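The shown structure was predicted, so the numbers you read here are calculated from the model rather than taken from an experiment.
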Amino acid sequence: MSELKLQKMDENRWLIPAAGGMRVPGMVYSSERLMKEMGRDESPKQVANVAHLPGILKYSLAMPDMHWGYGFPIGGVAAFDLNDGVISPGGVGYDINCGCRLVATKLRVEDIRGRMEEIVTALYRDIPSGVGSRGPLKLSLSEEKKVLHDGSRWAVKAGFGTASDLDTTEDGGRMEGGDPDLVSQRALERGREQLGTLGSGNHFLEIEVVDEIFDEAIAAAFGLQKDQVAVMIHSGSRGLGYQVCDDYLARLVKLIPKLGFPLPDRQLACAFLDSREGKEYFAAMACAANYAWANRQVLMHWTREVFERTLRRSPADLGMRLVYDVCHNIAKFETLPLGGKQVKVCVHRKGATRSFPPGHPSLPDIYRTSGQPVLIPGDMGTGSYVLAGTEKAFQETFGSTCHGAGRVMSRSQAMKAGRGRSIRREMSDRGVIVMAAGRGTLSEEMPEAYKNIHEVVNVCHEAGISRKVARLKALGCIKG
DNA sequence: ATGTGC
């Protein structure tokens, strides 16, 4: 195996020329420093591996937060031709439709100063979190199937939130084509009692304050202003999505010999988009995506209730409005510019966020001129960014940008580095009240385990694949 | 990410 050669194209892009069985070149959006920091991380190799898949279009892409993942790198984006392309569970990830939503409030930071312990404790009590956690909802099988088919729409109909929440959710919180009958009994069982639970690892619910505005006009369109309090929720499809991924991987790995082309890595197990297996994976994945949207919708509803009760304020007074909800682990059919034409393709975004430009028909009217809100969670001590989608992303990166800070340390490395330390204390010294269900979670998630979110976001901004709008600072956080 | 691992 020859060493992978990356050619620096400009300050923010690195080309992996097509070599060997690569059908297209790779393109990595990153800075000199972030590239160096990746050290022995093999994700550039994974970018090259993805380029071997049939029907891949233009480039195998990676975002600046990229790091090693199952088959595809996390931070990877790849689009496939509908006729001769493939769909791959490894290109979506185990946490199908892991994503973020940002809820703006009418509160200003001085309204909650001194009350963070109280609010965080109340959230921690009311929002089930941690590995294997179950919620108070126990869905009947038929009700769960409705969740899988209707996503956030089910949640709103069941009384969790309002119809306007759907307007500011990517795809309206519902992916077409979900077929609950293609989700295994085991996945259904795991999902029954987990709707409305946060999960663990990097999932969180965070109270943040708008710290800096970079683009006044777009921030105003998003309803954000300096010193305003907001809530960021980061969660996914829980055990159900994991099980869907696991089930279909097991099935597709067995079929690798029948694919008719060599795979550089068995973890790239995939199926042609027009095959039975490909269609069935998509239909099951769509169910998990819908479950994740319903999950975040329920989590947000309970968050609103906790704020109302804890702060003794009316919903109108709190004005907790969903700014937007984005998914960052998904494969979707989208119409995107390619070779001067608009072409329907299957885009895999694994640890990458949609970044659609101003004027795109999928955006609600209020964001027509600003572009899509793009939500980027940072590490728990630092906070988050709000970006806006751009035409350049639409043209260059299949309408995609980064999804977060991205790990620099493995979980086990981070655990080791956290030995003998109180991360909770370190966080509170930095002004962030944290509560976590798992013993090791805070170590695994400590800020130094992640890349510098400012640098990741700056690469995306400089490269033009999203624009900086606002930065939010964490005040309080619950984790699994 | 995950009823965390052979």
Considering only heavy atoms from C-beta outward, does the side chain of A:V231 approach that of A:E206 to under 4.5 Å?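 Not touching, per the 4.5 Å side-chain cut-off.
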Is there a side-chain contact between A:E144 and A:P180 (heavy atoms, below 4.5 Å)?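 A:E144 does not reach A:P180 side chain to side chain.
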Under 4.0 Å between any heavy atoms, over every strand shown, what does [X] touch: base, sugar-phosphate, or nothing? Just pick one.
X	answer
A:G236	nothing
A:Q194	sugar-phosphate
A:G93	nothing

Give me the one residue out of A:R421, A:K416, A:R407 that meets salt bridge (charged side-chain N to carboxylate O under 4.0 Å, His left out) with A:E448.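 Passing option: A:R421.
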Phosphate OP1/OP2 of [N]: any [X] side-chain N/O under 4.0 Å:
X	N	answer
A:R238	B:dT2	yes
A:S200	B:dA1	no
A:N202	B:dA1	yes

Among A:T197, A:L198, A:D95, exactly one meets side-chain contact (heavy atoms from CB on, under 4.5 Å) together with A:S235. Which residue is that?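 Only match with A:S235 under side-chain contact (heavy atoms from CB on, under 4.5 Å): A:L198.
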Does anything in residues 241-250 of chain A reach DNA chain B, meaning a heavy atom under 4.0 Å, and if so which residues?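 Those residues whose heavy atoms fall under 4.0 Å from DNA chain B, taken from residues 241-250 of chain A in numerical order, are A:Y242, A:Q243.
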5' priority, DNA chain B, between A:V131 and A:R407 [closest heavy atom]: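 The residue whose closest nucleotide sits nearer the 5' end is A:R407.
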Above 12 or not: heavy atoms from other molecules or residues under 6.0 Å from CZ of A:R251?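 Buried by this count: over 12 neighbours within 6.0 Å.
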Give the rounded distance in Å between these two atoms: [atom1] of [X] and [atom2] of [N].
X	N	atom1	atom2	value
A:E444	B:dT4	CD	C1'	9 Å
A:E445	B:dT2	CD	P	11 Å
A:I74	B:dT2	CD1	P	13 Å
A:N97	B:dT2	CG	P	13 Å
A:D95	B:dA1	CG	P	8 Å
A:H403	B:dA1	NE2	C1'	10 Å

Does the structure place the NZ or CZ of A:R304 under 6.0 Å from the centre of the six-membered ring of A:F307, at an angle of no more than 45° from the ring's axis?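 No.
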Does A:E445 come within less than 4.0 Å of A:K479, counting only side-chain N to carboxylate O?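 Yes, this pair counts.
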